[in-house]
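Right, one structure below, let's go through it.
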Amino acid sequence: MALIVHKYGGTSMGSPERIKNVATRVAKWHDAGHQIVVVPSAMSGETNRLLSLAKEITAQPDPRELDMLAATGEQASVALLAMALHAIGKEAVSYAGWQVAIETDSAHTKARIRSIDDAKVRQDLDAGKVVIITGFQGVDDLGNITTLGRGGSDTSAVAVAAALKAAECMIYTDVDGVYTTDPRVVSDARRLKTVTFEEMLEMASLGSKVLQIRSVEFAGNYKMPTRVLSSLTDPLMPLEEEAISGTLISFEEDTKMEQATITGIAFNRDETKITVLGVPDRPGIAYQILGAVADANIEVDMIIQNQSVDGKTDFTFTVPRGEYTKAMDVLNEKVKAHIGAASITGDAKVSKVSVVGVGMRSHVGIASQMFRTLAEEGINIQMISTSEIKISVLIDEKYMELAVRALHKAF
Ligand code: ASP
Ligand code: MG
């Protein structure tokens, strides 16, 4: 008997029929003697529907009220799933984040989990109940409902699993695992049986949107074995088969030694590049530029500072497309005159492509093979960044798919 956390995404919870399927699957696991906690998302489309309602009321909804609103999607889900379980004779109880409580900071719409009280959940589990907890939401220390950012239910599930020291966190979703790259771009992409947490972190942060990145960080920090698997299979399929399906995020590098050097090709279409030109090259400049951007809560990814010429240098970095205008405004209004930069330019249509793999650590020549492959396709590289287990390049958005296909073939 093990304590297992199941997470079901919006598609899996998308209709009464599908919710009944989830109940059937959960009941199967419970019948096998496991203690089961379920963390579902809102029904598919529901969070978008709620957020667009807010937008119809006002262009700038108050973040606290936005969370109050968005969190209702998950509250509906947990109640419906509890009813579906009751209907097939299972004892089950649903809780909102504040009832557990899942405590977060007060950063509305992108709150971070601080702690989870496991007392009530354990009591219910010990009494033989299935416990269903809302994904995506928590409560701050003033009692305000918070949400964890889009896709946050993954993070809720892994955090709950970590708090309960579960044996595994199983993330049921509409894909059947993690692939070497996006199968929509490369038709012969393969499903990975295992991926290390570090690789998954790179894949998730590089835009493979299978899991919310913070959930992978949680899995890594708490060494929580986390499996991504399909919810579209027969809910009554043999449990032993289901238990080893999908992709397991593991912590064992040695199990991967036999495998290829490169685990996957990740990409992110929605990048933009900003260059601050003619900056006086003196201490504190990088801090003044990037500090202002960070203060505006904008995430910066790749950074390059050019060699200085006559005491002036250029500074280039990337930000997500959604934050481009905000970043440009911050730089033009708060930074440009202050640091005496000549001008600020940007390109809102660039993409990032990366090769990822822990096997890279022990191999040389991966970078040159990557650059040769791109050169053969006539693709110009605008920026390069590397870590121990990945190499990323920034390229014109129109060559992204070509680059991914060529690299997938080459590696
Ligand atoms: N319902 C939320 C969203 O759509 C959270 C989630 O599904 O993970 O972003
Ligand atoms: Mg999701």
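Remember, it's 1-based here, ligands and their atoms both numbered in the order they're listed. Just the heavy atoms: all of them, side chains too, but no hydrogens, waters or symmetry mates, feed the values below.
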Side-chain donor or acceptor of K28 paired with backbone N/O of M237 under 3.5 Å:
yes
Between the side chain of T247 and the main-chain N/O of V228, is any donor-acceptor distance below 3.5 Å?
no
Can you see whether T104 engages T146 through a side-chain donor-acceptor pair at a distance of less than 3.5 angstrom?
yes
Whether S351 side chain and I395 backbone form a donor-acceptor pair below 3.5 Å:
no
Distance-only criterion, 3.5 Å: show the donor-acceptor pairs between side-chain atoms of residues 148-166 and protein atoms not counting sequence neighbours.
residue: R150; atom: NH1; partner: N48; partner atom: OD1; Å: 3.0
residue: R150; atom: NH2; partner: N48; partner atom: OD1; Å: 3.1
residue: S153; atom: OG; partner: S41; partner atom: OG; Å: 3.4
residue: D154; atom: OD1; partner: K7; partner atom: NZ; Å: 2.9
residue: D154; atom: OD2; partner: Q212; partner atom: N; Å: 3.0
residue: T155; atom: OG1; partner: Q212; partner atom: OE1; Å: 2.4
residue: T155; atom: OG1; partner: S215; partner atom: N; Å: 3.1
residue: S156; atom: OG; partner: F136; partner atom: N; Å: 2.7
residue: S156; atom: OG; partner: G152; partner atom: O; Å: 3.2

Which protein residues have a heavy atom closer than 4.0 Å to any atom of ligand 1, listed by chain and number?
S41, A42, T47, E74, F136, R150, G151, G152, S153
Side-chain donor-acceptor pair present, E323, N297, cut-off under 3.5 Å
no
